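Everything quoted here is computed from the prediction, not taken from an experiment. Just so we're on the same page: letters track the sequence lines, and every chain starts at 1.
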Amino acid sequence: MTAPRVFVPRDATACALGADRVAEAIVAAAADRGIELVLIRNGSRGAFWLEPLVEVETTAGRVAFGPVDVDAVPGLFEAGFPGDTDHALALGQVTGIDWLASQQRLTFARAGWTDPLSLDDYRAQGGYVGLARALDLSSQQIVDEVKESGLRGRGGAAFPTGIKWQTVLDAPGQRKFIVCNADEGDSGTFADRLLMESDPYQLIEGMTIAGLAVGAQEGFIYLRSEYPHCKAVLTEALARAERAGYLGEDVCGSGQRFRIELRIGAGAYICGEETSLLDSLEGKRGLVRFKPPLPAIEGLLGLPTVVNNVLSLGAVSTILADGASHYRDFGSGRSRGTLTVQLAGNIKRGGLVEVPFGLSLRDLVMGYGGGTASGRPARAIQVGGPLGSYLPEALWDTPLDYEALAEAGGMLGHGGVVVFDDTVDMAQQARFAMEFCAVESCGKCTPCRVGSARGVEVIDRLIAGRDRARDLKVLDDLCDTMVDGSLCAMGGLTPYPVRSALKHFPEDFG
Amino acid sequence: MSAAVSLQEIVEAAVEASRDRIGALLPALHAIQDKLGHVPPDAVPMIANALNLSRAEVHGVISFYHDFRTEPPGEHTVQLCRAEACQAMGSRELERHARQKLGVSFGQTTPDGLLTLEPVYCLGNCACAPSIRINDEVHARVSPARFDELIAGLEAAE
Ligand SMILES: Cc1cc2nc3c(=O)[nH]c(=O)nc-3n(C[C@H](O)[C@H](O)[C@H](O)COP(=O)(O)O)c2cc1C
Ligand code: SF4
Ligand code: FES
């Protein structure tokens, strides 16, 4: 009999919940008992409420235990682990966990199944099929495939990826770049991190396909410095991909060159905005550039550049592997593919949910999320990051797709869903939105830089409640000025959380 | 070896490692800070010189990014997440507790030099908030009591 394989995720959240210590304890307990096992640090499935989620491979499939903390390890072994285990933490077959089984995993299909650094695992589960296909296609054919898939950028703006690539392909010049935006600054989001930590080759493959599609030989991943685990995984994955010939001077023996360099940000939310990111990559302060010119035409060093989010580039691997129509067939209306949302904040069952577009916010938060962690009634939900509106219960039946949410005054953005219970003070949330803008503004436009600082003061006055009518008017004018006079969405959208808090929860303001 | 010589050497090594890269300044600053814990003001003219930039440019970049420090930090860096998902799980109370317990506010180092307290805006651990980061480790669901345990762990390791 071969030693059973035991899986303990290496993901940042799993580790933040003690996965490293659990892994050590399992190895030590097995050694003590003379039990042979092979420990594998897999990626996470994104069911963070079950982390650390320990799995054992059996002839019938993977059985799961969770959440396992280090103190539970001896008890598990006493109950028979890693063999048949009768224990309160036993969850049965991992494929039988409804929270996961009912999802439609496309981008996150491999997450948790594989050792993220194993190229064998990646290939065994459909990896590098897309690249092999792309190598047989012309640049234009690849771009056409991406266009047909209906893929829209997952970084926030939902711009059609194929059209962006066409612009870069058509732009004259020999030197072009692929830049992956891995700055993931929105509170409540971790999908990029999960993809990079649990399935990094999917991103690397997608970037390589992008390079073939537009004729770029140099790629950059701009990763935020707040993700040290991710940095470790990507560094190793890039080295292995290069050693295996998937990156380098001669990609898979095709004669095509493509390299990827990992760059670490330095703590600036605005560097997630694509032009600020490009300035940062050039070694400068991350100031937002005027558009036009578009980065597709004048990007890094003024040369044609694709800037795409991690999930957009990852999806390209799937699209090329399974075909545009396969991807298109998921989704509805103009929202194609799957919806990846992240359930966060005051939520009982938080984590990554990948489902068809069109589920309502209520289904997600109450169904998948199981309501609040505190057990108190939910009161407000912020969708789409710090620049997204706060939605009151009356709006929770809005279906989650780009258009429907926009109609309700919200935005999907990168898919962050942050739940607050009834202890939230919405005036403080509005104040924070202004404060965050003041802290993170790149400083280029006055309405954003100065307006946000003034916004904090006005909200403080509102809370103090001396001259409500006047302060409401001042705040309203200030928001108008920020919306109208800001170069980018930082200053331009900060009024959304502020105004939605005021509109839907006026009782909290003085 | 005098301190000035070693700083010069550190700067040169950092610049050398990224000289041929696009936008060498940021990786060079990271390399210096990884080595020294901060970017000393004396390094600015050296970096400017080595990369053919003006001092103002180098200074501008250092001051733009929250990560770069110009003063030596404590032995450990403790970052508290202040962003929304953590707020929803009590990070405001945690912040008050941490300031009070440590007797420092953001950007300050405890008098014994044990740690520097910093704000951070999201660690990507938003499903299990509130989150803090100690050096390169992230911790989830950090209650004030858990915070005290973690700090006690740092003190005990002294
Ligand atoms: C203030 C601000 C912050 C942003 N942060 C991010 C980010 O962290 N990650 C990201 O992919 N896009 C971010 N974006 C959107 C990018 O500017 C850009 O639209 C995106 O990287 C394009 O990739 P996509 O088409 O694949 O979405 C941000 C935009 C703004 C205005
Ligand atoms: S709106 Fe704010 S962040 Fe955006 S360019 Fe203007 S100052 Fe910079
Ligand atoms: S908001 Fe605190 S970890 Fe994301």
Counting heavy-atom pairs closer than 4.5 Å to chain A, which one of B:Leu51, B:Val138, B:Ile132, B:Val142 comes out on top?
B:Val138

Straight-line distance of A:Leu343 CG to A:Phe48 CZ, nearest 0.5 Å
11.0 Å

Spacing of B:Cys86 atom SG and B:Leu123 atom CG [to the nearest 0.5 Å]
7.0 Å

Counting only non-hydrogen atoms closer than 4.5 Å, does A:Leu278 touch chain B with its backbone (N, CA, C, O), its side chain (CB onward), both, or neither?
neither

Proximity breakdown for B:Val61 and chain A, heavy-atom pairs closer than 4.5 Å
both

Supply the atom-to-atom distance B:Leu7 CG to B:Leu36 CG, rounded to the nearest 0.5 angstrom.
6.5 Å

So, taking the atom named OG1 in B:Thr109 and the one named CD in B:Glu71, what distance separates them when rounded to the nearest 0.5 Å?
8.0 Å

Between CG of B:Leu29 and CD1 of B:Ile62, what distance do you get to the nearest 0.5 Å?
5.0 Å

Can you pull out the donor-acceptor contacts between chain B and chain A, under 3.5 Å, including backbone atoms?
{"unit_1": "B:Arg21", "atom_1": "NE", "unit_2": "A:Glu261", "atom_2": "OE2", "d": "2.7"}
{"unit_1": "B:Arg21", "atom_1": "NH2", "unit_2": "A:Glu261", "atom_2": "OE2", "d": "2.8"}
{"unit_1": "B:Ile22", "atom_1": "O", "unit_2": "A:Arg263", "atom_2": "NH1", "d": "3.0"}
{"unit_1": "B:Ile22", "atom_1": "O", "unit_2": "A:Arg263", "atom_2": "NH2", "d": "2.5"}
{"unit_1": "B:His30", "atom_1": "NE2", "unit_2": "A:Ile264", "atom_2": "O", "d": "3.3"}
{"unit_1": "B:His30", "atom_1": "NE2", "unit_2": "A:Gly265", "atom_2": "O", "d": "2.8"}
{"unit_1": "B:Tyr65", "atom_1": "OH", "unit_2": "A:Ser280", "atom_2": "OG", "d": "2.9"}
{"unit_1": "B:Tyr65", "atom_1": "OH", "unit_2": "A:Lys284", "atom_2": "O", "d": "2.6"}
{"unit_1": "B:Tyr65", "atom_1": "OH", "unit_2": "A:Gly286", "atom_2": "N", "d": "3.3"}
{"unit_1": "B:His66", "atom_1": "N", "unit_2": "A:Ala266", "atom_2": "O", "d": "3.4"}
{"unit_1": "B:His66", "atom_1": "N", "unit_2": "A:Gly267", "atom_2": "O", "d": "3.1"}
{"unit_1": "B:His66", "atom_1": "NE2", "unit_2": "A:Glu440", "atom_2": "OE1", "d": "3.2"}
{"unit_1": "B:His66", "atom_1": "NE2", "unit_2": "A:Glu440", "atom_2": "OE2", "d": "3.0"}
{"unit_1": "B:Asp67", "atom_1": "N", "unit_2": "A:Ala266", "atom_2": "O", "d": "2.9"}
{"unit_1": "B:Asp67", "atom_1": "OD2", "unit_2": "A:Ser225", "atom_2": "OG", "d": "2.5"}
{"unit_1": "B:Asp67", "atom_1": "OD2", "unit_2": "A:Gly267", "atom_2": "N", "d": "3.4"}
{"unit_1": "B:Arg82", "atom_1": "NH1", "unit_2": "A:Glu435", "atom_2": "OE2", "d": "3.0"}
{"unit_1": "B:Arg82", "atom_1": "NH2", "unit_2": "A:Glu435", "atom_2": "OE2", "d": "3.2"}
{"unit_1": "B:Glu84", "atom_1": "N", "unit_2": "A:Ser187", "atom_2": "OG", "d": "3.3"}
{"unit_1": "B:Ala85", "atom_1": "N", "unit_2": "A:Ser187", "atom_2": "OG", "d": "3.0"}
{"unit_1": "B:Gln87", "atom_1": "OE1", "unit_2": "A:Gln429", "atom_2": "NE2", "d": "2.7"}
{"unit_1": "B:Ala88", "atom_1": "O", "unit_2": "A:Asn346", "atom_2": "ND2", "d": "3.4"}
{"unit_1": "B:Arg92", "atom_1": "NH1", "unit_2": "A:Gln429", "atom_2": "OE1", "d": "2.9"}
{"unit_1": "B:Arg92", "atom_1": "NH2", "unit_2": "A:Gln429", "atom_2": "OE1", "d": "3.0"}
{"unit_1": "B:Tyr121", "atom_1": "O", "unit_2": "A:Arg224", "atom_2": "NH2", "d": "3.2"}
{"unit_1": "B:Cys122", "atom_1": "O", "unit_2": "A:Arg224", "atom_2": "NH1", "d": "3.1"}
{"unit_1": "B:Cys122", "atom_1": "O", "unit_2": "A:Arg224", "atom_2": "NH2", "d": "3.1"}
{"unit_1": "B:Gly124", "atom_1": "O", "unit_2": "A:Arg193", "atom_2": "NE", "d": "3.0"}
{"unit_1": "B:Gly124", "atom_1": "O", "unit_2": "A:Arg193", "atom_2": "NH2", "d": "3.2"}
{"unit_1": "B:Asn125", "atom_1": "OD1", "unit_2": "A:Thr13", "atom_2": "OG1", "d": "2.6"}
{"unit_1": "B:Cys126", "atom_1": "O", "unit_2": "A:Gly345", "atom_2": "N", "d": "3.0"}
{"unit_1": "B:Arg133", "atom_1": "NH1", "unit_2": "A:Ser225", "atom_2": "O", "d": "3.0"}
{"unit_1": "B:Ala140", "atom_1": "N", "unit_2": "A:Ala16", "atom_2": "O", "d": "3.2"}

Would you mind telling me which of A:Val417, A:Val424, A:Leu301 has the largest number of heavy-atom pairs within less than 4.5 Å of chain B?
A:Leu301

Considering only heavy atoms from C-beta outward, does the side chain of B:Val120 approach that of B:Leu80 to under 4.5 Å?
no

Could you have a look at A:Ile347, A:Leu194, A:Ile264 and say which one has the most heavy-atom pairs with chain B under 4.5 angstrom?
A:Ile264

Winner by heavy-atom pair count (cut-off under 4.5 Å) against chain B, out of A:Gly443, A:Pro386, A:Gly351:
A:Pro386

Of all of B:Gly90, B:Pro119, B:Ala88, B:Pro130, which one pairs up most often with chain A through heavy atoms under 4.5 Å apart?
B:Ala88

Would you give the length of the straight line joining atom CD1 of B:Ile47 to atom CD of B:Glu12, rounded to the nearest 0.5 angstrom?
11.5 Å

Taking the side chain as everything from C-beta on, heavy atoms only, tell me whether B:Ile151 gets closer than 4.5 Å to B:Leu115.
yes

In terms of heavy-atom pairs under 4.5 Å, which option from A:Cys15, A:Cys442, A:Ala373 contacts chain B the most?
A:Cys442

Residues at least two apart in sequence or cross-chain that pass ring-ring contact (aromatic ring centres under 6.0 Å, His included) with A:Phe108, listed by chain then number, are none

Find out whether A:Val418 and A:Ile381 are in side-chain contact, i.e. whether some heavy atom of one side chain is under 4.5 Å from a heavy atom of the other.
no

Looking only at A:Ala344, A:Pro497, A:Gly350, A:Pro228, most heavy-atom pairs under 4.5 Å shared with chain B are made by A:Pro228

In sequence, state the C-alpha distance, the side-chain angles, and the governing distance for B:Gln108 and B:Leu117, and then conclude on side-chain contact (heavy atoms from CB on, under 4.5 Å).
CA-CA 6 Å; B:Gln108 295 180 337; B:Leu117 191 67; over 6 Å; no

Residue part contacting chain B, namely of A:Ile270, when any heavy atom lies under 4.5 Å
side chain

Checked A:Gly286, A:Gly185, A:Gly369 vs chain B; the most non-hydrogen pairs under 4.5 Å come from A:Gly286

